[in-house]
Amino acid sequence: MTDTPSPDLPFLPYGRQSIDESDIEAVAAVLRSDYLTTGPEIPAFEAAFATTVDAPHAVACNSATAALHLALDALGVGKGDLCIVPAITFLATANAALYCGADVIFADVDRDTGLMTPETFEAALRRAGGAARAVLPVHLAGVMCDMPAIASLARAAGMAVVEDSCHALGSLDADGRPAGACAHSDAAAFSFHPVKTLACGEGGMVTTRDPRLAAHMARARSHGVERGPARFNRSEGANEPWWHEMVQLGWNYRMPDLNAALGRSQLRRLAVFAARRRALAALYDEALAPLAPVVRSPAGAPGDPCRHLYNVRIDFEAAGLSRADVMARLSEQGVGSQVHYIPLYRQPFHAARHDAGPLPGAEAYYGRTLSLPLWPGMADSDPARVASTLGVALGV
């Protein structure tokens with residue numbers, strides 16, 4: 001059994017933003033400016049983000065949920081369509097399809113990574129019976145799906161591909177391309193919630209290589225409105241500089257300049273954040289090794305993940321403890337934890353609409369997963385502290 005950690009140490013949440021004086025000054029500069037929203041920080045953030053992820057176009061919006069919705073809407077997903085979504089993901093991935101009037105089919109996932117695989121996607125595609133319009137692979141915890149294989153199956157079926165990259169900013173695929181480059185997809189959505197790799201408070205971004213999709217999404221985030229040169233009203237013999245036209249259905253999904261300024265400031269430190277997350281994950285791997293086989297480090301995949309979550313696999317049955325008991329014991333010793341995620345088909349809303357499961361991979365993944373603290377501000381000693389605390393909690 002490992003040594004008992006000191007209860008006097010500060011509490012470690014499972015995730016936390018990392019804000020410095022440059023971030024505060026960036027937001028303060030916007031407060032001193034003429035624009036709190038729809039100002040110059042938006043295109044500046046978009047341009048910097050697009051360059052960072054090697055995508056020609058980036059469209060900022062007020063959440064990743066909005067980013068997913070904008071992408072599916074721009075791709076023409078609508079009533080009568082089906083979208084294939086992994087069973088292990090946050091609610092928003094499926095909700096975005098429902099907002100478009102489509103329905104969802106849940107794909108099973110790998111029992112160790114929690115990722116949709118080409119095989120589980122293909123099985124869901126057969127269940128969709130020809131009505132599948134789009135697939136939304138989720139790069140869970142920062143580990144990227146096998147996009148070449150999934151995209152190949154999707155294109156053969158005439159489907160659109162939208163990557164849920166909300167956990168994956170800073171991750172690289174097996175070919176060294178950054179998440180968001182859209183090498184095998186129509187679009188990719190990102191989240192800037194405080195626990196993510198880059199924080200805006202709230203906010204999202206969607207990247208694409210298609211200029212038509214980018215233009216559609218940019219209009220849709222602001223009520224579908226186009227603004228251009230002032231119209232000359234011949235009946236009154238005057239210019240009308242206020243003239244604008246609603247050319248499509250849209251929403252108020254705009255990102256304020258305050259959020260964009262914070263995001264652009266944080267983006268300058270993305271390489272630092274990513275390197276720190278990778279270093280902490282390596283320290284965790286080493287510290288948790290003695291707890292095997294009851295505790296195993298997160299499973300990987302080809303590529304170089306920037307881990308948003310450090311989602312260990314725990315054999316709670318072998319330990320003779322429930323996950324809730326282990327989480328309570330960790331919390332008592334100042335260590336936060338979380339579960340990512342309950343299989344979506346278990347949610348009452350979906351359970352009432354579908355008979356989707358259980359899906360064996362999703363159940364196996366969910367039954368063992370626990371997310372431990374991971375954020376750039378952690379000390380080098382924190383992974384060992386968490387591992388020690390977890391060992392005591394489990395009695396191993």
Side-chain angles (χ1 to χ4, degrees), residues 5-28 49 62-65 90 92 139-143 165-171 179 190-205 255 258-285 287-288 297-298 305-312 326-341 369-390 393:
S6 169
D8 299 325
L9 294 169
F11 187 83
L12 293 172
Y14 90 88
R16 189 179 187 277
Q17 68 273 15
S18 295
I19 302 296
D20 71 6
E21 288 302 316
S22 66
D23 298 326
I24 294 169
E25 179 52 39
V27 174
F49 193 89
N62 60 12
S63 70
T65 306
F90 184 55
H139 304 315
L140 185 68
V143 180
S165 298
C166 294
H167 290 189
L169 183 58
S171 293
F190 291 87
S191 170
F192 306 134
H193 183 274
V195 298
K196 299 298 195 300
T197 300
L198 184 153
C200 285
E202 291 283 2
M205 189 80 76
M255 174 185 282
L258 292 164
N259 302 58
L262 175 57
R264 190 157 69 102
S265 176
Q266 292 248 305
L267 192 61
R268 298 186 186 105
R269 304 203 307 284
L270 176 60
V272 175
F273 291 157
R276 185 63 185 153
R277 286 178 176 273
R278 289 183 171 98
L280 288 166
L283 290 170
Y284 260 127
D285 291 346
L288 289 170
S297 296
C306 172
R307 291 195 179 275
H308 158 55
L309 302 171
Y310 194 81
N311 48 337
V312 295
V326 172
M327 293 176 74
R329 292 181 180 186
L330 290 174
S331 182
E332 288 169 2
Q333 296 299 316
V335 175
S337 58
Q338 188 53 274
V339 177
H340 298 90
Y341 295 99
T369 193
L370 187 68
S371 297
L372 301 178
L374 182 64
W375 36 279
M378 289 173 61
D380 283 353
S381 59
D382 285 334
R385 171 193 164 190
V386 173
S388 177
T389 306
L390 181 59

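- Among Ser297, Pro373, Ser371, the one residue that satisfies the side chain to side chain contact (heavy atoms under 4.5 Å, CB included) test with Tyr310 is Ser297.
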Task: Cys306/Leu169 under side-chain contact (heavy atoms from CB on, under 4.5 Å): CA gap, chis, key distance, verdict - done: CA-CA 7 Å; Cys306 172; Leu169 183 58; over 6 Å; no
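- For the ring-ring contact (aromatic ring centres under 6.0 Å, His included) test, no residue two or more places apart in sequence or in another chain qualifies with His139.
- The side chain to side chain donor-acceptor pair (under 3.5 Å) check on Arg268 picks up nothing, with sequence neighbours excluded.
- Take Phe192 and apply the ring-ring contact (aromatic ring centres under 6.0 Å, His included) test, not counting sequence neighbours, and it matches Phe45, Phe49.
- Take Arg264 and apply the salt bridge (Lys or Arg N to Asp or Glu O under 4.0 Å) test, not counting sequence neighbours, and it matches Glu41.
- Residues satisfying the side-chain contact (heavy atoms from CB on, under 4.5 Å) test with Pro13, not counting sequence neighbours, are Phe11, Arg16, Trp375.
- When all heavy atoms of Met255 and Cys200 are compared, the pair lying nearest together is CE-SG, 4.5 Å.
- Under the ring-ring contact (aromatic ring centres under 6.0 Å, His included) criterion, His340 pairs with Tyr14, sequence neighbours left out.
- Smallest separation of non-hydrogen atoms from Gly142 and Pro305: O-CB, 3.3 Å.
- Every salt bridge (Lys or Arg N to Asp or Glu O under 4.0 Å) that Arg269 has, sequence neighbours left out, goes to Asp20, Asp23.
- The minimum heavy-atom distance linking Ala179 with Ala168 is given by the pair CB-O, 3.4 Å.
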Taking distance alone, no hydrogens or angles, what donor-acceptor pairs closer than 3.5 Å link side-chain atoms of residues 377-384 to residues at least two apart or in another chain?
from, atom 1, to, atom 2, distance (Å)
Asp380, OD1, Arg276, NH1, 2.8
Asp380, OD1, Arg276, NH2, 2.8
Asp382, OD2, Ala379, N, 2.8

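- Considering OG of Ser171 and CZ of Arg277, their distance stands at 10.0 Å, rounded to 0.5 Å.
- Applying the side chain to side chain donor-acceptor pair (under 3.5 Å) criterion to Asn311, with sequence neighbours excluded, gives Tyr365.
- In this structure, the side chains of Leu262 and Ile24 stay at 4.5 Å or more apart for every pair of heavy atoms.
- Partners of Ala328 according to the side-chain contact (heavy atoms from CB on, under 4.5 Å) rule, which considers only residues two or more places apart in sequence or in another chain, do not exist here.
- Between the side chain of Gln266 and the main chain of Ser18, a donor-acceptor pair closer than 3.5 Å is present.
- In this structure a side-chain-to-backbone donor-acceptor pair under 3.5 Å is missing from Ser331 to Met327.
- For Tyr341, the side chain to side chain donor-acceptor pair (under 3.5 Å) partners two or more places apart in sequence, or in a different chain, are His167.
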